[in-house]
Amino acid sequence: MKCGTVSLIGRPNVGKSSLINAFLKTRAVIISPKPQTTRNSIRCIYNDENAQIIFTDTPGLYKIKNSRDKLGIFLNDEILDAVENSDAVLWLVDAGAKKLQPDDYAVAEVLPKKIPVILIANKSDKADPSRVFSLYETLYGFSAKIAVSAKLNKGLENLMSALMPFIPEGEPLYDPEILMDTTEKFMAAEIIREKILMSLHDEVPHRIAVEVVEYKSPEEYPGRKKLYIRASLIAETEGQKKILIGNGGEMIKKIGALSRKSIEDATGFGVFLDLWVKVVPDWRKNITALKRLGYSQK
Ligand SMILES: Nc1nc2c(ncn2[C@@H]2O[C@H](COP(=O)(O)OP(=O)(O)OP(=O)(O)O)[C@@H](O)[C@H]2O)c(=O)[nH]1
Ligand SMILES: [Mg+2]
């Protein structure tokens with residue numbers, strides 16, 4: 001048997017989370033058309049008859065504008081931690097990318113030279129990857145270059161064959177039944193955040209955090225027929241709170257209905273979802289708040 005850890009890195013929105021879902025053949029991690037969807041490193045476990053691979057989804061590379069942006073600093077720490085503990089790295093780029101960006105150079109500099117890095121041109125259903133390959137070749141000594149489409153499940157076998165030589169011999173670390181190394185509570189919060197990303201425009205979703213404050217599953221509370229979830233949607237300002245609630249509560253109702261359906265599909269239980277909106281001024285700059293929300297390691 002082989003067993004190893006592989007992290008996925010790359011600019012926001014290139015399809016890192018989509019590729020993990022394609023490997024796992026399920027909707028494990030949340031995805032959205034908006035950049036900065038993923039906020040935490042999330043370990044997702046792939047199994048086949050010969051190997052277990054622990055894929056770490058990471059937040060999109062993020063430019064920190066100033067040192068008060070504590071959420072931004074956390075996102076970058078998450079990426080570096082994931083990379084340093086990997087047997088191989090998949091660096092995802094958009095197959096249609098036209099030029100290198102300053103953060104590409106920054107990534108090339110911080111990647112530990114001893115870890116093999118495979119360049120992945122995703123979204124190859126939309127663009128010919130040959131240009132992006134020659135572009136990135138100048139930047140780093142990649143171990144391999146593979147074109148894939150997470151959307152159409154194309155190129156995944158090629159990618160697996162390129163990756164396997166870097167996965168060390170070893171016994172599985174996780175029970176093959178386990179899909180993700182995270183809690184149901186975290187997954188519920190992520191699903192709600194996904195619906196906020198789907199429903200609200202512009203910057204607003206990026207200003208919102210979700211905290212599940214109560215999670216009572218029929219598995220732990222056999223008296224209950226439904227899974228009870230109480231969650232706070234945390235906004236930075238009264239204005240954002242208003243947008244989240246919407247006219248006559250329309251928006252929060254929509255977010256609630258979409259979330260409930262997805263959590264029901266994911267858990268197999270009926271769900272009673274109790275959503276509250278609250279304002280925590282500047283939560284993205286506040287270490288105590290970030291810690292409580294799972295966005296701080298220190
Ligand atoms: N056409 C096409 N679209 C894709 C493909 N893979 C992902 N997408 C779309 O690209 C968008 C971003 O996908 P995500 O998987 O959330 O991207 P990400 O890299 O995880 O983004 P962050 O978490 O923000 O860093 C979504 O709208 C996906 O549906 C692909 O192979 N082809
Ligand atoms: Mg993502």
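Order of appearance sets the numbers: ligands from 1, and atoms from 1 within every ligand. Computation of the quantities below employed the complete heavy-atom set of this structure, encompassing side-chain atoms and omitting hydrogens, waters and symmetry-equivalent molecules.
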Tell me, which protein residue and heavy-atom name are nearest [atom], and how many Å apart are they?
atom	value
atom 12 (C) of ligand 1	N13 OD1, 3.1 Å
atom 1 (N) of ligand 1	D125 OD2, 2.9 Å
atom 26 (C) of ligand 1	S32 O, 3.5 Å
atom 27 (O) of ligand 1	P33 CA, 3.4 Å
atom 8 (N) of ligand 1	K123 CE, 3.7 Å
atom 25 (O) of ligand 1	K16 NZ, 2.8 Å
atom 15 (O) of ligand 1	S18 OG, 2.6 Å
atom 29 (O) of ligand 1	I31 CD1, 4.2 Å

Is it true that, when you exclude [X] itself, more than 12 heavy atoms of the residues, nucleotides or ligands shown sit nearer than 6.0 Å to its [atom1]?
X	atom1	answer
N50	CG	yes
K2	NZ	yes
D202	CG	no
K98	NZ	no

> Any side-chain donor-acceptor pair under 3.5 Å between S149 and K123?
Replying inline: no
> N40 and Y295: side-chain donor and acceptor closer than 3.5 Å?
Replying inline: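 No.
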Give the atom numbers and elements of ligand 1 that come within less than 4.0 Å of a heavy atom of [X].
X	value
T37	22 (P), 23 (O), 24 (O)
Q36	24 (O)
P12	25 (O)
K126	1 (N)
P35	24 (O)

Could you tell me whether the side chain of [X] and the main chain of [Y] form a donor-acceptor pair under 3.5 Å?
X	Y	result
S134	R131	yes
E78	R39	no
D87	I167	no

Could you tell me whether [X] and ligand 1 have an N or O pair separated by under 3.5 Å?
X	result
S124	no
G15	yes
T58	no
G60	yes
L152	no

>> Report whether any nitrogen, oxygen or sulfur of T38 sits less than 2.8 Å from the Mg ion (ligand 2) (N, O or S, backbone or side chain).
In response: yes
> Is S17 close enough that one of its N/O/S atoms sits under 2.8 Å from the Mg ion (ligand 2)?
Replying inline: yes
> Who gets closest to atom 30 (C) of ligand 1 by heavy atom: K151, R11, R39?
Replying inline: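 Nearest option to atom 30 (C) of ligand 1, by heavy atoms: K151.
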> Taking heavy atoms and a distance under 4.0 Å, where does N122 meet ligand 1: side chain, backbone, both or neither?
Replying inline: side chain
> Side chain, backbone, both or neither: which part of S149 comes within less than 4.0 Å of ligand 1 when only heavy atoms are counted?
Replying inline: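 Both the backbone and the side chain of S149 come within reach of ligand 1.
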>> Which label fits F23 and F55: parallel for a plane angle under 30°, tilted from 30 to 60°, or perpendicular past 60°?
In response: parallel
>> Check whether F272 forms a cation-pi arrangement with K226 (NZ or CZ under 6.0 Å from the six-membered ring centre, at most 45° off the ring normal).
In response: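 No - K226 does not lie over the ring of F272 by the 6.0 Å and 45° rule.
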>> Assess the residue pair E250 and K254 against the criterion (salt bridge (charged side-chain N to carboxylate O under 4.0 Å, His left out)); give the C-alpha distance rounded to whole Å, side-chain angles, the decisive distance to 0.1 Å, and a yes or no.
In response: CA-CA 6 Å; E250 217 174 290; K254 176 183 164 191; over 6 Å; no
> Which is it for E264 and K261 under the salt bridge (charged side-chain N to carboxylate O under 4.0 Å, His left out) test, yes or no, and what are the steps along the way?
Replying inline: CA-CA 5 Å; E264 285 180 344; K261 170 85 177 56; over 6 Å; no
> Please walk me through it: do S32 and T37 pass side-chain hydrogen bond (donor to acceptor under 3.5 Å, both in side chains)?
Replying inline: CA-CA 6 Å; S32 92; T37 297; 2.7 Å; yes
